[in-house]
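Here's the structure we're looking at; comments come further down.
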Amino acid sequence: MRFINKYLRNLSPYKVASHKIWEVTQEERQKILKLDWNEATIPPSPLVNDRLTKLVSQQDLYYLYPSTHNAELLELLSKYTSLPKENIQYFASSDSLHEYLVRMFVGVGDPILILGPTYDNFRLTCESQGAQIFYFDYSANFQIDKEAFKESIKEFTPSLVYICNPNNPTGNVLEKEYLLDLVSTFPDTIFLIDEAYFEFYGQTMSNYVLIHPNLFVTRTFSKAFALANFRAGYLIASAENILQISKIRNPKNFTTFTQEAVIAVLSDVIYMENYVKEVLIARDFFRDQLTQSPLVKEIYPSQGNFLLIEFNDFDVKMKVYNELSKNNIFVRNLMHSALLMNTLRITVGTKSQMESVLNIINGIK
């Protein structure tokens, strides 16, 4: 224990959800509906399989490090984001990207302000670096006192403010105008806007990196693009910030297989957009149907591919969670905040998949 970094000795781990899907055969996996990590619930564009099938046959690539600068990938990202290539860099997941940002900007003892409850892995990343974590919590109904949040930034003078938008696990959003006001009001504070669920929301802060060097936007290919297993994300920031973070980024960690998969989905954006439309229709359907359940107290508005559902009490929540698990439907049992103790977060897939969830819940007495 004495050899371990002192900031890790009493660190609370990020609690992962069920992963039974990797403990069964491929045939059995087809009977599992995994709705606990907000992954896509269908395969990615067929172009992914086409490109990877060709790549597998090129065994002379296996013993080589991957390309450290994929110009085609960056060109496609530039086209997708409508931003210059100089403002974009890809990473082996947005989690990895967050680690690089923390290494770059956060020192021992630096205050970090997190708007929560939110994605808890970012807290872990900062604490492992020796940072001080401060929270500004949403209210009981997951609204925000905007002026009080600004006052908290003045009070803590954080090195970095982390805002997930849309927020995970609540699904709520902060409008662009308010976020822009924060970034403008506190030019010496870094604002990390995590846009993991951007495609389901459609609004972004990305364009403002061209005029605000304290703004960083991160995104992932794990959600709408259905590439969770490939671990791919990207950063949008000022050209100078991209240049600086690229100095410490290890470019060999983004495999050729991942590069090809990302190129494939960015070459078939319409496929992703059609899936997003399907999810949004299913989300409205699922929410409307679930509202009628006597077990449900509240369903919170969401701009992501998931819904946060509050049940009548903790026992009812656990009854629903266990019954779904018995039927090979896995959802997220949230326990890391007092505001979430009676809630489950359920990823939204296709309408037929959500009908399966409803059938189980409606059968609970």
Side-chain angles (χ1 to χ4, degrees), residues 16-22 26 29-56 70 72-73 76-77 79-81 90-97 119 121 164 166 168-169 171 194-202 204 218-234 254-283 286 302-307 328-332 345-354 356-357:
V16 297
S18 63
H19 237 187
K20 181 180 176 181
I21 201 164
W22 294 112
Q26 183 177 6
R29 191 157 65 240
Q30 304 309 310
K31 301 174 184 177
I32 291 176
L33 186 52
K34 192 173 184 299
L35 304 177
D36 52 359
W37 279 15
N38 294 341
E39 300 129 311
T41 61
I42 66 169
S45 164
L47 293 184
V48 174
N49 190 63
D50 292 345
R51 292 186 76 105
L52 294 187
T53 299
K54 294 175 183 177
L55 189 62
V56 166
N70 193 311
E72 182 183 7
L73 195 161
L76 286 167
L77 273 173
K79 180 181 177 182
Y80 179 65
T81 61
Y90 55 84
F91 289 78
S93 80
S94 57
D95 287 329
S96 173
L97 164 52
Y119 180 50
N121 193 61
C164 191
N168 169 25
D194 187 340
E195 292 188 348
Y197 303 94
F198 155 71
E199 282 78 13
F200 302 98
Y201 177 41
T204 178
T218 64
R219 293 186 186 165
T220 179
F221 287 94
S222 296
K223 312 302 181 183
F225 283 102
L227 291 182
N229 206 309
F230 289 88
R231 312 307 296 127
Y234 60 102
F254 204 81
T255 72
T256 302
F257 285 90
T258 298
Q259 292 178 33
E260 287 295 301
V262 171
I263 288 171
V265 295
L266 288 174
S267 301
D268 191 9
V269 172
I270 291 176
Y271 178 93
M272 177 276 292
E273 292 174 341
N274 287 335
Y275 172 64
V276 167
K277 290 176 185 176
E278 188 172 8
V279 168
L280 297 184
I281 291 171
R283 189 182 69 194
F286 185 55
S302 173
Q303 296 293 337
N305 66 330
F306 56 89
L307 286 171
N328 280 330
I329 298 174
F330 298 104
V331 301
R332 192 62 181 265
R345 189 196 67 196
I346 301 181
T347 304
V348 176
T350 65
K351 184 178 178 182
S352 62
Q353 289 170 333
M354 304 324 292
S356 299
V357 180

Do [X] and [Y] make a side-chain contact, defined as non-hydrogen atoms from C-beta onward lying under 4.5 Å apart?
X: Val265; Y: Met272; value: no
X: Arg231; Y: Ser222; value: yes
X: Glu39; Y: Asn229; value: no
X: Tyr271; Y: Val48; value: no

Donor-acceptor contact present, side-chain [X] to main-chain [Y], <3.5 Å:
X: Glu195; Y: Thr204; value: no
X: Arg283; Y: Ser302; value: yes
X: Tyr234; Y: Phe221; value: no
X: Asn305; Y: Asn38; value: yes
X: Arg345; Y: Val331; value: no

Give me the atom names and distance for the closest heavy-atom approach of [X] to [Y].
X: Gly304; Y: Pro166; answer: N-CB, 4.4 Å
X: Ile42; Y: Ala226; answer: O-CB, 3.6 Å
X: Ala282; Y: Lys351; answer: CB-N, 3.6 Å
X: Leu73; Y: Leu266; answer: O-CD1, 4.4 Å
X: Phe200; Y: Leu280; answer: O-CD2, 3.9 Å

Within residues 254-278 or reaching into it, pairs that qualify as salt bridge (Lys or Arg N to Asp or Glu O under 4.0 Å) - sequence neighbours excluded: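 Output for this query lists Arg51-Glu260.
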Supply the atom-to-atom distance [X] [atom1] to [Y] [atom2], rounded to the nearest 0.5 angstrom.
X: Thr347; Y: Phe286; atom1: OG1; atom2: CZ; value: 10.0 Å
X: Leu227; Y: Thr220; atom1: CG; atom2: OG1; value: 8.5 Å
X: Leu33; Y: Ser352; atom1: CG; atom2: OG; value: 9.0 Å
X: Glu199; Y: Arg219; atom1: CD; atom2: CZ; value: 6.5 Å
X: Ser45; Y: Asp50; atom1: OG; atom2: CG; value: 7.5 Å
X: Ile32; Y: Phe330; atom1: CD1; atom2: CZ; value: 5.5 Å

Going by the angle between their ring planes, with limits at 30° and 60°, are Phe306 and Tyr197 parallel, tilted or perpendicular?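 Answer is perpendicular, since the angle exceeds 60°.
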Are there over 12 heavy-atom neighbours, none belonging to Asn274, within less than 6.0 Å of that residue's CG?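 Check passes, neighbour count above 12.
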Run the ring-centre check on Tyr80 versus Phe225 and record whether the distance is less than 6.0 Å.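 Ring centres of Phe225 and Tyr80 closer than 6.0 Å.
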Ignoring hydrogens and angles, state whether a donor on the side chain of Thr255 or Thr258 is under 3.5 Å from an acceptor on the partner side chain.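 Yes, because at least one side-chain N or O of Thr255 sits under 3.5 Å from a partner of the opposite role on Thr258.
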Given the rule in the side-chain contact (heavy atoms from CB on, under 4.5 Å) test, do Ile263 and Asn70 qualify, once you have shown the distances and angles that lead to the verdict? CA-CA 10 Å; Ile263 288 171; Asn70 193 311; 3.8 Å; yes
Intermediate values then yes/no, side chain to side chain donor-acceptor pair (under 3.5 Å), Tyr119 and Asp95: CA-CA 11 Å; Tyr119 180 50; Asp95 287 329; 2.7 Å; yes
Contacts of type ring pair (Phe, Tyr, Trp, His ring centres under 6.0 Å), residue Phe254, not counting sequence neighbours: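 Ring pair (Phe, Tyr, Trp, His ring centres under 6.0 Å) check on Phe254 returns Tyr90.
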